[in-house]
Amino acid sequence: MRVLKYLLQKEFLQIFRNKSMLPIIFVMPILQLCVLSFAATYDMKNTNLYIVDKDLSSHSRELISKFNGSPFFTVKEIGFSVEEAEKEIYKDKIDAILVFNDDFGKSVDLKKGASVQVLINAINASSAGLYNAYISSVIQDYNRKVSASIREVGTGVPVHFVQSSYLHQFNPEMKYIPYMLPGLLVLLVTVIGLFLSAMNVVREKEIGTIEQINVTPIRKSQFLLAKLIPFLIIGFFELGIGLSIAAFLFKIPFLGSVWLVYLVAFVYLIAILGFGLLISTQTNTQQQAMFIAWFFMVIFLLMSGLFTPVESMPEWGQTLNILNPIAYFIKVIRMILLKGSGFFDIVDEIAILTLFAVSVVSIAVNRYRKVA
């Protein structure tokens, strides 16, 4: 323990003497969390519409007024030419076009099938799906209003429709930030843990101090443990800052136990730090360590479910994701904070992360060669 104590003192002095590392540890993650929480969102807040109204009837104007009154749409222009509207789509100034043919109002009056053409800029498939869903919702609302006034032919009995009620459990206001922010917290601690630990041992190689350590009777397990503990503490500190920002700035509901979050974070950080140390022991320069760490970081993040659902991936991708620790922590932290899940609800994920942590740390210790 005495040896470990002096090694830890050395590590903390080395970290805080490195002026270029301090902004990476304390400033970058906070800015990252505050900026990405607003930027990384699929919420649709302002869809630019171009309406081509060839009908000019009271019915078309009534439907247009529904789009004007919606906070999700901005009617940029009302014209008469589809070609002019398409030019605006090519310029990327509008997101969708609504076309009312000249027989729209007449078809509604005659109780025939009336149609509205919707042209959507689908260069971004995710956004296009949301545009289509919101536009269809407004049209369906108008359709229900018109249909409710129609009586069955020959009976005079009003047509009754099935009405459904629903509840968005855990996120009743359907906000995207409560869903994204827990995942960004995982990104925050992962960046700190993986990149800094990956550059730690290899930095000793570059400045030559690794040779002085190797000729001492310090065991390699003590040396690597001293490399792991400081960044584990820093990771806890960063997670605490992130949780505070989530609670007080973004008003994220903490339905589960914060201590359970820290328990899972402890196991997860051991796994990520061990992986970073493994990279560091197998590389000779910080540049090599950064490239390798970045390579795995990008793959893990894109397959983690942070931005896209894991269930949408092909089967081989979901199978490969079994080896992705980031996917487990993102899933668990969302379950704890947003659903109030308990320990026994996430015991399988904790067991897998524990297995991953023990395996990768063992490999890192085994692969480190203490050559005098």
Side-chain angles (χ1 to χ4, degrees), residues 1 4-37 177 180-201 203 223-252 254 256-277 279-280 289-290 293 297 300-301 304 306 325-326 328-330 332-334 336-337 350 353-354 356-357 360-361 364:
M1 289 298 295
L4 183 60
K5 174 185 174 182
Y6 288 122
L7 284 174
L8 287 174
Q9 288 179 351
K10 165 193 167 295
E11 290 299 324
F12 278 110
L13 286 173
Q14 190 171 327
I15 289 171
F16 289 102
R17 281 176 180 171
N18 190 343
K19 302 300 181 183
S20 62
M21 187 178 290
L22 294 180
I24 297 176
I25 295 175
F26 298 107
V27 179
M28 187 185 73
I30 297 174
L31 292 177
Q32 177 189 60
L33 187 64
C34 294
V35 172
L36 290 181
S37 296
I177 287 180
M180 280 300 301
L181 198 136
L184 294 176
L185 283 175
V186 176
L187 174 61
L188 184 151
V189 298
T190 303
V191 168
I192 294 297
L194 183 58
F195 282 90
L196 297 185
S197 62
M199 293 187 296
N200 203 348
V201 175
R203 187 171 182 273
F223 175 66
L224 293 179
L225 191 61
K227 291 291 184 183
L228 185 147
I229 291 177
F231 293 112
L232 179 63
I233 295 173
I234 291 172
F236 277 156
F237 178 75
E238 297 289 351
L239 181 61
I241 293 177
L243 290 173
S244 300
I245 293 174
F248 297 107
L249 181 60
F250 294 101
K251 309 296 182 184
I252 302 299
F254 283 23
S257 170
V258 176
W259 296 112
L260 185 57
V261 173
Y262 271 96
L263 172 64
V264 181
F266 172 77
V267 180
Y268 173 76
L269 280 171
I270 294 293
I272 288 298
L273 291 171
F275 189 65
L277 288 177
I279 293 173
S280 192
M290 280 289 290
M297 178 83 169
F300 283 164
L301 277 179
S304 66
L306 176 60
I326 300 180
Y328 292 108
F329 193 25
I330 288 178
V332 165
I333 197 172
R334 282 172 174 168
I336 296 173
L337 295 184
I350 294 177
L353 283 175
T354 303
F356 191 92
V360 75
V361 171

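In this text, all values refer to a predicted model and were calculated from it rather than measured experimentally.
- The minimum heavy-atom distance linking Ala271 with Phe356 is given by the pair CB-CD2, 3.5 Å.
- Contact record, Leu194 with Ala293: CD2-O, 3.8 Å, taken as the closest heavy-atom pair.
- For the pair Ser197 (side chain) and Gly193 (backbone), a donor-acceptor distance under 3.5 Å is present.
- At least one side-chain heavy atom of Val261 sits under 4.5 Å from a side-chain heavy atom of Leu239.
- Val332 is not listed as a side-chain neighbour of Ile350, based on a closest heavy-atom distance of 4.5 Å or more.
- Between Phe231 atom CZ and Ile233 atom CD1 the span is 11.0 Å, to the nearest 0.5 Å.
- Taking CD1 of Ile229 as the start and CG of Leu269 as the end, the distance is 13.0 Å to the nearest 0.5 Å.
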* Asked: Yes or no on side chain to side chain contact (heavy atoms under 4.5 Å, CB included) for Leu277 and Leu228, after CA distance, side-chain angles and deciding distance?
  -> CA-CA 8 Å; Leu277 288 177; Leu228 185 147; 4.0 Å; yes
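- Atom CD1 in Ile330 sits 8.0 Å away from atom CG in Leu187 (nearest 0.5 Å).
- Taken to the nearest 0.5 Å, the CG atom of Leu196 stands 7.0 Å off from the CD1 atom of Ile234.
- Note that CD1 of Ile252 is 10.5 Å distant from CG of Leu243, once rounded to the nearest 0.5 Å.
- Across every non-hydrogen atom of Ile177 and Pro182, the tightest pair is O-CD, 4.3 Å.
- Of the candidates Leu185, Val267, Val189, Thr190, Val189 is the only one forming a side chain to side chain contact (heavy atoms under 4.5 Å, CB included) with Phe329.
- At a threshold of 4.5 Å between non-hydrogen side-chain atoms, the residues Leu273 and Leu232 count as touching.
- Environment of CZ in Phe250: crowded, with over 12 heavy atoms of neighbouring residues, nucleotides or ligands closer than 6.0 Å.
- Legend: side-chain hydrogen bond (donor to acceptor under 3.5 Å, both in side chains) pairs involving residues 226-236, not counting sequence neighbours, sorted by first then second residue: Glu11-Lys227, Asn200-Lys227, Glu204-Lys227.
- For Ala289 against Ala198, the heavy-atom pair with the smallest separation is CB-O, 3.3 Å.
- In this structure the side chain of Leu306 reaches within 4.5 angstrom of the side chain of Met180, judged on heavy atoms.
- Here the closest heavy-atom approach between residue Ile326 and residue Ser304 is recorded as CG2-CB, 3.7 Å.
- Nearest heavy atom pair, residue Tyr262 against residue Gly240, reads OH-CA, 3.0 Å.
- The CD1 atom of Ile272 sits 12.5 Å away from atom CD1 of Ile192, with the distance rounded to the nearest 0.5 Å.
- Ring geometry, Phe266 versus Phe236: the interplanar angle falls under 30°, so the pair is classed parallel (tilted spans 30 to 60°).
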